[in-house]
Number of protein chains: 4
Amino acid sequence: MTDSKETARTRGAGAKRRRLMEAAADVVHRQGAERTTIADIARAAEVPVGNVYYYFKTKDELVAAALSEHERHLNLLVSQLDRLPGPRERLKGLIEGWVGQRDLAARYGCPTGTLAAELGKRDEGGLDVEAGRVVRILLRWVADQFRELGQPDPEGLALTLVGAYQGMSLLANALRDPGVMDREGARLIAWIDSLHAA
Amino acid sequence: MTDSKETARTRGAGAKRRRLMEAAADVVHRQGAERTTIADIARAAEVPVGNVYYYFKTKDELVAAALSEHERHLNLLVSQLDRLPGPRERLKGLIEGWVGQRDLAARYGCPTGTLAAELGKRDEGGLDVEAGRVVRILLRWVADQFRELGQPDPEGLALTLVGAYQGMSLLANALRDPGVMDREGARLIAWIDSLHAA
Amino acid sequence: MTDSKETARTRGAGAKRRRLMEAAADVVHRQGAERTTIADIARAAEVPVGNVYYYFKTKDELVAAALSEHERHLNLLVSQLDRLPGPRERLKGLIEGWVGQRDLAARYGCPTGTLAAELGKRDEGGLDVEAGRVVRILLRWVADQFRELGQPDPEGLALTLVGAYQGMSLLANALRDPGVMDREGARLIAWIDSLHAA
Amino acid sequence: MTDSKETARTRGAGAKRRRLMEAAADVVHRQGAERTTIADIARAAEVPVGNVYYYFKTKDELVAAALSEHERHLNLLVSQLDRLPGPRERLKGLIEGWVGQRDLAARYGCPTGTLAAELGKRDEGGLDVEAGRVVRILLRWVADQFRELGQPDPEGLALTLVGAYQGMSLLANALRDPGVMDREGARLIAWIDSLHAA
DNA sequence: GATGAATGAGATTTCATTCAT
DNA sequence: CATGAATGAAATCTCATTCAT
């Protein structure tokens, strides 16, 4: 019964909050934080506008929620990659994941990167530095892989790899050309392959 | 003729227009296009708000002006670099210029790149693709240098170099760490040095 | 009967209602009726928001409850003062009670007076005149004391005394100076002392 | 011509700001600061809502403007009273002025006093203490008169007189009875008359 | 052209009140 | 009765754009 007729408790509450976070992440990625209105997110989540404020006290909290949604996705991704046998496979899996998002990147850029760029223009509210946290998570994981590969300066290599991803996403987006993702992705894969383990 | 005919009024007008463009480029870089108001730009340019509309009919035109101002800067830069004896020197000069802007990049990112990311979120008005034009100018020039160096796939290498720049700017910005510019800049210089001319 | 029949449920309910009234009186005194939200009162009373409406159908009823709470306090006070031997002692006891609240008055004014001032701005809902009722109770009691003292025009003297209290509370509040209560309180005591009984 | 057809400069600008201040003072007096909306004031001043913000950046600034309007009225009043030959006449003139406002006081209380009571409930924004400034101006002037009359403790007497005014206004308002103003006004006049100059 | 002022559409936010369980 | 969640009507505030002189 409760199965066929979901109660407010099972369907609502947490579920609605989750829906709002997902909607925020998606809409903010496509429209940008500044151009996105609460109404946009509410509509996407199929929630009445006034109700949004029951879950998030301000628009900034919703933007922060979008960011933490990206963080969640990132954590999911790396936990999946961690199942791969070796660091080289994991790094290549990461790159393949990026290339798999070629069309989305060509249209809207990297979700985290573009949000970081936009939030970085602020100078109050604390959100301006928040995006850095997510970026750092990725950098740390990538550096771990390079370290496991026995590479010197794993942190530097992580900057190079993640930077390359951000750069290729931005160019693919600016040129509206998913091919950039393919070409640069292939180059990165080749680079990873060329590294000899210690 | 235009010289002899230029009155104080027309010169003043031109000067105002120029001031507005420069202010737009600067303020939009620091605050982002969406968060910047016409009044912000007018104030920075020391032009009365109501007067702005004699030079730019809409806010979008002002944003386009900011973009063309970046284009102008880019053209100035490459015309200076073109005076250097060889393509390798020119590419290294370009990279050194990027690193020279390390603090600005760490605080606000690459002016063109962040604007491209922001405008890319739009889907009407034409501005969404405009930023690509400026990026393409840079890509073309860089490809020319690689070509002159006798490198195969100069366009691909250009994507790699410019992408690396966009990526390192974004990371420096997200992490608020100018050191990223130094490290990655050094790596790019070393890469250029390692290429053997044909 | 009601004693033996009172279950934990009904006692709990009554307790909640009482808690809500006390919270309303307190919070409304400190924040003003208009700035106080139902949620503020619910929180102070430790009652879930949605539950408030089982005890008070509207916010106005809660404000009325705050007023009646002040009325209850007033009744308690005069019933205690009535135990004093003579009218002069009772009036002086009243004044001493006022001065005893000096710090509260300097911070938030007289609970009834400030609420009367706020509600007096309304012109519908009936609450606008309600505060007058409480004021009248005090005036009547004070007049009774003056009458018992054999003073002519006891109602007029009551207006003077209660008016002096309201005035000194308001000034103490506006100037944030509890000393006003001391000084004017002493003057009123001296005045009462100076009256010779008939 | 400019006479028959007032220009925006002569009619607008300052005049509109003035109109808004007067409307704010009036409407806030009648409705209270909290219940008054920007739209209420805009309507009373015959100004479009959006335009209000050209003159006052926030609602709080409008409330502050209402307060300063009361301050202006007070300054006008005392400067008129200052033309009277002696301090006794001036004080009596002040009281007569109060009594002259009997109906307004009975309906809405003293403009400054009720605003002070309402703003005193706030604890941030600075407006909470602002009303005290206006009260102090009156107190100082009244004390000056008592001093000129050769009375000891002129500041204390000022507190008593102004407090009496605030108290009678509040009671007249709470009881909706202008007669309170007459009776207490007469008492105060008699008091002033009873003081013998030094 | 130049300018302060004006305008209205829309965005965020608050909250009394109601609903579903 | 109890309760967290829901709802919609307002209110404040912002700003691109236009107007009047």
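Reminder, nothing fancy here: chain letters follow the sequence lines and each chain counts from 1.
Pairing for F/dA10 is with E/dT13, a Watson-Crick or G-U wobble pair whose two hydrogen-bonding atom distances lie under 3.5 Å. Nucleotide E/dT21 forms a pair with F/dA2, judged by Watson-Crick or G-U wobble geometry with both contacts under 3.5 Å.
For D/Y53, a side-chain nitrogen or oxygen approaches OP1 or OP2 of F/dC13 to under 4.0 Å. At F/dA6, one or more side-chain N or O atoms of A/K16 fall inside 4.0 Å of OP1 or OP2 (strictly under the cut-off).
Between the C1' atom of E/dA11 and the CD1 atom of A/I41 lies a distance of 13 Å, rounded to the nearest Å. Distance CD (D/E46) to P (E/dA6): 14 Å, rounded to an integer number of Å. Spacing between atom CG of C/L62 and atom P of E/dC15 amounts to 15 Å, rounded to whole angstrom units. Remark: C1' of E/dT3 and CG of B/L20 are 14 Å apart, rounded to the nearest angstrom. For the pair C/I38 CD1 and E/dT18 P, the computed distance is 11 Å after rounding to whole Å. We find that CZ of D/R35 is positioned 17 Å from C1' of F/dT12, with the value rounded to whole Å. Protein atom CG of C/N51 is 18 Å distant from nucleotide atom P of F/dA6, rounded to whole Å. Rounded to whole angstrom, the span from the CD atom of D/Q31 across to the P atom of F/dA11 amounts to 10 Å.
When all heavy atoms are compared, the tightest approach of C/K121 to D/Y108 is NZ-O, 2.9 Å.
Of the candidate nucleotides E/dT17, F/dA16, E/dT13, F/dA16 has the atom nearest to the side chain of B/K59. Checking E/dG4, F/dT7, F/dA16 against every side-chain atom of A/P48, the shortest atom distance belongs to F/dT7. Out of F/dT17, E/dA6, F/dT12, the shortest distance to the side chain of D/Y55 is found at E/dA6.
Nearest-nucleotide assignment on DNA chain E puts the 5′-proximal partner with A/T37, out of A/T37 and C/T37. With the nearest nucleotide of DNA chain E identified for both D/V47 and C/T58, D/V47 has the one nearer the 5' end. When each of B/V49 and D/E34 is assigned the nucleotide of DNA chain F bearing its nearest heavy atom, the one mapping closer to the 5' terminus is D/E34.
Distance alone, capped at 3.5 Å, places no donor-acceptor pair between the C/E118 side chain and the C/G32 backbone.
Donor-acceptor pairing under 3.5 Å, judged by distance alone, is absent between the side chain of D/Y54 and the base of E/dA6.
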